Amino acid sequence: MEAKSNFRCRACDDLFEVEYPWSEGAPECGGVEGGYSASRPVPKNRPNPSALRYLWQERRTSTMGIDQSGVWRFRDLLPIVPYDRVVTLREGNTPLYEMPKSAAALGLNWLLAKHQGMNPTGSFKDTGMTAALSVAVASGFEWVACASTGNTSAAMAAYAARAGLRSMVLIPDGKIAWGKLSQAMDYGSTTIQLRTDFDGCVRVLSEIVQRAPVYLLNSVNPYRLEGQKTPAFEILEQCEWQVPHHVIVPGGNLANCSALGKGFAEMMHLGFIHRVPKISVIQAEGANPLYQSMKANGGVSLEPVTANTRASAIQIGNPASWKKAVKILVSTGGWCEQVNEREIALAKAEIGAEGIGCEPASAVTLAGLKKLVADGRVGKEETAVLLLTGHTLKDSEYTIKYHLGELLTEAEMSGADAAEIARHAELRHAPIVLDADADAVLRAIEAQARSATPA
């Protein structure tokens, strides 16, 4: 347990009560952007930003799991859960990568990718699941459940297994990334496939939790959003508290948009920053209810669609968090765009060429950013952060089919111009089959060196 202790800043002589022992090298408040000094007193009933910034970084040096978690080290702004009920796999603290090749192609000075696929189960879902499942443990539930197209089931099953709870996942018939579902199976979850789509699974699950003591862990769970807001805090830390102009997120069930918007809004309300980034949502053309809603009536109402996209993580036709997402789009000045299957595949290959990689749903962010830059909604001098929600190994079959030239149909490629077709050819890297002969291999290497430079 952490004991409260007092720390007096040498710069402004303010006394702070914190729940972590300060080291001799504790920072001073003065001169830190967004911090408070003697000439800028801390408002009553508000935390001191400089003290909390230091505390959050100091916790990372601890050996306690709750401190090593990129979610729970921000517990000062999270739901109160007893420390012995927190379930963590050391999630969060994910990297913020520079993307120089994509930035150069778009003419941007600085393009970054926050890779939530580097979480323990390979997706952003872990940050929300640690918070919500900890609440389930503290509330005494024995069963937890979710409806999922893949990533949620993997995260829920892992955290339930860690906590010693029983878990059940309902999955839809049709497009499923079995690499994701294999995780839920491996973690011991009871997996039930229903003859319906994702939204049908949600309807069935909603009835189940009304009739049995089962804790719902889909994104409508408010504690999921509390955990999923913490990447906003991390982005600000990693940008040295300089607010990026744009944050681009994939649009499926739309909880990510809502959670990040909440996180940035809290940081501004508490005095850590003085503005929030524009948050934009990108949807697949075949699963675009929010895009259609914003275009038709500015998000006043939303008509569900029959979702159909290879980006299975965002194959959702009736998103639960659409109203919250609309509020974030409007309040931050962001946009909602759509991209087709060909654009998603190309963007995914380009992210892979950066040495980063991501699942197909994550790639909609880069594909959508291209459109925002092309029509001037994102300026060349502005900084953009792409939220990559899943690891590239989440859907390896998609990647293999792309590089073998088997992913996109003739109809899907028919709208591509010569430059785009050439770009696809440049990025595809199908295996070269040769005889077991060193000379043959060397000739192949020489041919590759003459034909092109690395993508």
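Owing to the predicted nature of the structure, the values given are computational and were not obtained by experimental measurement. For this chain, numbers begin at 1 and follow the sequence in order. Below, all heavy atoms of this structure are taken into account, side chains as well, without hydrogens, waters or symmetry copies.
- For N318 (side chain) and P304 (main-chain N/O), no donor-acceptor pair under 3.5 Å exists by modelled atom type.
- Counting only distance, with no hydrogens or angles, the side chain of D67 and the backbone of M64 share no donor-acceptor pair below 3.5 Å.
- The cationic group of R73 does not satisfy the cation-pi geometry with F233, failing either the under 6.0 Å distance to the six-membered ring centre or the 45° limit from the ring axis.
- Contact record, V326 with M294: CG2-SD, 4.0 Å, taken as the closest heavy-atom pair.
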CA sep, side-chain torsions, deciding dist, call: N253, S321, side chain to side chain contact (heavy atoms under 4.5 Å, CB included): CA-CA 6 Å; N253 219 16; S321 300; 5.6 Å; no
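- Between P360 and D395, the shortest heavy-atom contact is CD-CB, 3.9 Å.
- Between K262 and E266 a salt bridge is recorded (basic side-chain N to carboxylate O distance below 4.0 Å).
- Looking at heavy atoms from C-beta onward, L302 lies out of side-chain contact with K323 at the 4.5 angstrom threshold.
- Between H115 and Y97, the two ring planes are perpendicular [angle over 60°; tilted spans 30° to 60°].
- The side-chain heavy atoms of M118 and H391, taken from C-beta on, include a pair separated by under 4.5 Å.
- Side-chain contact check for L329 versus L290: some heavy-atom pair is nearer than 4.5 Å.
- When all heavy atoms of N288 and V305 are compared, the pair lying nearest together is N-CG2, 4.2 Å.
- Between R59 and D76 a salt bridge is recorded (basic side-chain N to carboxylate O distance below 4.0 Å).
- The pair E426-R423 meets the salt-bridge criterion, with a side-chain N (NZ, NE, NH1 or NH2) lying under 4.0 Å from an Asp/Glu carboxylate O.
- Under 4.0 Å is where a charged nitrogen must lie from a carboxylate oxygen, and between K371 and E343 at least one such pair does.
- Minimum interatomic distance between M185 and T191 (heavy atoms only, all atoms of both residues): CG-OG1, 4.2 Å.
- The distance from the OG1 atom of T121 to the CG atom of L89 is 8.0 Å, given to the nearest 0.5 Å.
- No side-chain donor-acceptor contact under 3.5 Å links N256 and Q116.
- Nearest heavy-atom pair across S153 and S148 is N-OG, 3.0 Å.
- With 3.5 Å as the limit, one finds a donor-acceptor pair spanning the side chains of S69 and E91.
- Under a 4.0 Å N-O distance rule, the pair K101/E350 does not qualify as a salt bridge.
- K394 and S312 form no side-chain donor-acceptor contact under 3.5 Å, judged by distance and modelled atom types alone.
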L388/T365 under side chain to side chain contact (heavy atoms under 4.5 Å, CB included): CA gap, chis, key distance, verdict: CA-CA 8 Å; L388 305 183; T365 55; 3.8 Å; yes
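- Between atom OG of residue S219 and atom CG of residue L225 there is a gap of 7.0 Å, rounded to the nearest 0.5 Å.
- Side chains of Q338 and Q292: no donor on one and acceptor on the other come within 3.5 Å.
- Taking each heavy atom of H403 and A430 in turn, the nearest pair found is O-CB, 3.3 Å.
- By the ring pair (Phe, Tyr, Trp, His ring centres under 6.0 Å) test, Y215 is found to be paired with F141, residues two or more places apart in sequence or in another chain being considered.
- In this structure, the side chains of H424 and L408 come closer than 4.5 Å at one or more pairs of heavy atoms.
- Side-chain contact between V300 and S293 is absent, with no heavy atoms from C-beta onward closer than 4.5 Å.
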N221 and L216: CA distance, side-chain angles, deciding distance, side chain to side chain contact (heavy atoms under 4.5 Å, CB included) verdict: CA-CA 7 Å; N221 185 308; L216 179 64; 5.5 Å; no
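- Under the 3.5 Å distance criterion, the side-chain polar atoms of N151 are left unmatched by any main-chain donor or acceptor of K125.
- S362 and T389 form a side-chain donor-acceptor contact under 3.5 Å, judged by distance and modelled atom types alone.
- Checked by atom type and distance alone, the side chain of R224 never pairs as donor or acceptor with a backbone atom of G128 at under 3.5 Å.
- Ring pair W56/F74 is perpendicular by interplanar angle, where above 60° counts as perpendicular and below 30° as parallel.
- A donor-acceptor distance shorter than 3.5 angstrom exists from the side chain of T130 to the backbone of V87, with no hydrogens or angles considered.
- When side chains are defined from C-beta on, K348 counts as touching T392, because their heavy atoms get closer than 4.5 Å.
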Stepwise side chain to side chain contact (heavy atoms under 4.5 Å, CB included) test for N119 and T127: CA-CA 8 Å; N119 272 294; T127 57; 4.1 Å; yes
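- To the nearest 0.5 Å, the span separating CG on L260 from CD1 on I328 amounts to 9.0 Å.
- Judged by distance alone, the side chains of S102 and E354 do bring a donor and an acceptor atom under 3.5 Å apart.
- E341 and T309 share a side-chain donor-acceptor pair at under 3.5 Å.
- Under a 3.5 Å cut-off, the side chain of R53 and the backbone N or O of S50 do not form any donor-acceptor pair.
- Using a 4.5 Å cut-off on side-chain heavy atoms (C-beta onward), Q315 and F198 make no contact.
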